[in-house]
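Okay, so here's the structure we're looking at.
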Amino acid sequence: MGRITLEGVQKSFGPVHIIKGADLDVADGSFVVFVGPSGCGKTTLLRLIAGLEDVSDGKILIDGKNVVNVPPAKRGLSMVFQSYALYPHMSVRGNIAFGLKMEGLPKDEINRKVEAAAATLNLTPYLDRKPRELSGGQRQRVAIGRAIVREPKAFLFDEPLSNLDAALRVQMRLEVTRLQKQLGTTAIYVTHDQVEAMTMADKIVVLNAGKIEQYGSPIELYQKPANLFVAGFIGSPKMNFITGAEAAMRGAATIGVRPEHFNIVSDGQGWPGKVLVAEHLGSDTFLYVDAGALGTLTVRCVGEKSLKPGDQIALQPDPNRIYRFDDNGNAIVA
Ligand code: ATP
């Protein structure tokens, strides 16, 4: 079991208030991603759960038991770091086995567990190599192997893929997700990359300046962002925000339209604009359109659109996909 619950968790470093009251329930076996801009407190929140930092106030429950006074090694959690933190002088086998040796497990049991983890992670051929003889992705797998063999209640991942190149990140993203589903172990995963969050999570926690802005499934956050912050953070390219008369007419301080929810129309309707830049990706065309008082709008068209800078177009937002926000930036729900 690995249910993790936060109740009113606060953290200050000296006079600086970093985590401003976090309440959260991570279900056993789920994959939860903490996402938010740099400095919002993601790593701090993860380290509080791990026990590497003490809470200033509040409770952290693991399977119903408050662990705020329990040392990290006794919480039954395994952390995987961005830097891998492998021992350079030890083989892959030695690195994966290290925690189990420290626990004093019998040698044959250690070997069995290490070999099972290596097989799961496709590391069997590399068991006798040193970390420097491995690729970045293989090193990351060793770090994950070391976490797996301890059979933790939960894995805590701190930006584990950010040192890898783009292609390897996509591959490892799939591997980590597949592995977590196969093991059924609760996972909390920190990233600043909203695409990683959207693709890996069962549920996402969007953090901003030490506060949880919203907690929900990727599609919930995409379809029903609670406020301007979440609306702007989730989705790529970003949602367009429009203020002024066009928003007021719809009973909002701000309206939001995602780039993929525009149609280019030629029926005299729609918002007129001039193409500033057209990016042709083959699969999509991204347009940046000067729409006068409405500002510069980003438009995503599926497939190739043969438009070029200077072309005059008219944009019609899908009427069912216009988001409305009040003066405080909170979503207005119809
Ligand atoms: P990033 O994506 O850049 O890693 P993050 O969301 O993980 O950011 P944290 O590392 O949790 O952010 O840091 C949150 C804030 O707390 C930052 O402003 C940071 O400077 C501050 N902070 C973190 N650790 C300490 C510390 N030990 N002492 C003082 N301030 C700290």
Side-chain angles (χ1 to χ4, degrees), residues 4-24 26 31-60 62 67-69 71-73 75 77-85 136 139-140 143-144 147 154-166 168-170 172-173 176 186-201 203-216 218 221 225-236 238 329:
I4 299 176
T5 313
L6 309 187
E7 291 179 5
V9 170
Q10 310 248 3
K11 178 66 181 176
S12 297
F13 290 108
V16 193
H17 199 186
I18 302 291
I19 302 294
K20 299 164 184 161
D23 294 289
L24 186 66
V26 176
F31 197 122
V32 169
V33 175
F34 293 175
V35 71
S38 182
C40 69
K42 306 177 294 289
T43 298
T44 303
L45 199 53
L46 194 74
R47 289 172 61 85
L48 289 168
I49 295 169
L52 301 172
E53 301 283 357
D54 292 328
V55 300
S56 304
D57 198 12
K59 288 184 188 168
I60 297 173
I62 300 178
V67 296
V68 294
N69 294 317
R75 293 192 186 188
L77 309 173
S78 279
M79 192 134 169
V80 180
F81 297 94
Q82 174 181 8
S83 60
Y84 318 145
R139 275 180 225 167
Q140 188 51 269
I144 294 171
F155 297 117
L156 306 180
F157 292 101
D158 190 4
E159 304 232 15
L161 308 185
S162 50
N163 288 341
L164 306 177
D165 68 44
L168 196 52
R169 278 182 81 123
V170 173
M172 286 299 292
R173 186 167 97 192
V176 171
T186 308
I188 302 181
Y189 186 106
V190 164
T191 181
H192 59 266
D193 178 346
Q194 63 93 24
V195 175
E196 222 165 82
M198 290 296 282
T199 51
M200 298 180 85
K203 280 182 131 185
I204 298 177
V205 175
V206 180
L207 272 170
N208 177 30
K211 280 170 71 176
I212 295 177
E213 296 276 1
Q214 195 170 357
Y215 181 41
L221 300 197
N227 53 44
L228 279 175
F229 183 84
V230 177
F233 197 79
I234 299 288
S236 177
K238 264 169 70 96

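First listed ligand is number 1; within each ligand, the first listed atom is number 1. If you read the sequence from its start, that first residue is 1, and numbering goes on from there.
The distance from ligand 1 to the heavy atoms of Glu159 drops below 4.0 Å at these ligand atoms: 2 (O). Ligand-side atoms of ligand 1 in range of Ile18: 14 (C), 15 (C), 16 (O), 21 (C), range being under 4.0 angstrom from any heavy atom.
Among all non-hydrogen protein atoms, the one lying nearest atom 2 (O) of ligand 1 is Lys42 NZ, 2.9 Å. Atom 17 (C) of ligand 1 has its closest protein heavy atom at Gly39 O, 3.9 Å. Looking at atom 3 (O) of ligand 1, its nearest protein heavy atom turns out to be Ser38 OG, 2.6 Å. Of all protein heavy atoms, the one lying nearest to atom 30 (N) of ligand 1 is Phe13 CD1, 3.5 Å.
Contact annotation: the side chain of Glu213 never approaches that of Phe233 to less than 4.5 Å [non-hydrogen atoms, C-beta and beyond]. Looking at heavy atoms from C-beta onward, Tyr215 lies out of side-chain contact with Asp23 at the 4.5 angstrom threshold.
In terms of N/O distances under 3.5 Å, ligand 1 is not approached by Glu53. For ligand 1, the polar-atom distance check finds an N/O of Thr43 within less than 3.5 Å of one of the ligand's N/O atoms.
Counting heavy atoms closer than 4.0 Å to ligand 1, residue Thr44 contributes atoms from both its backbone and its side chain.
Atom 19 (C) of ligand 1 is never approached by the protein to below 4.0 angstrom, counting heavy atoms only. Protein heavy atoms come within 4.0 Å of atom 28 (N) of ligand 1.
At a 4.0 Å cut-off, not a single heavy atom of Gly36 sits close enough to ligand 1 to count as contact.
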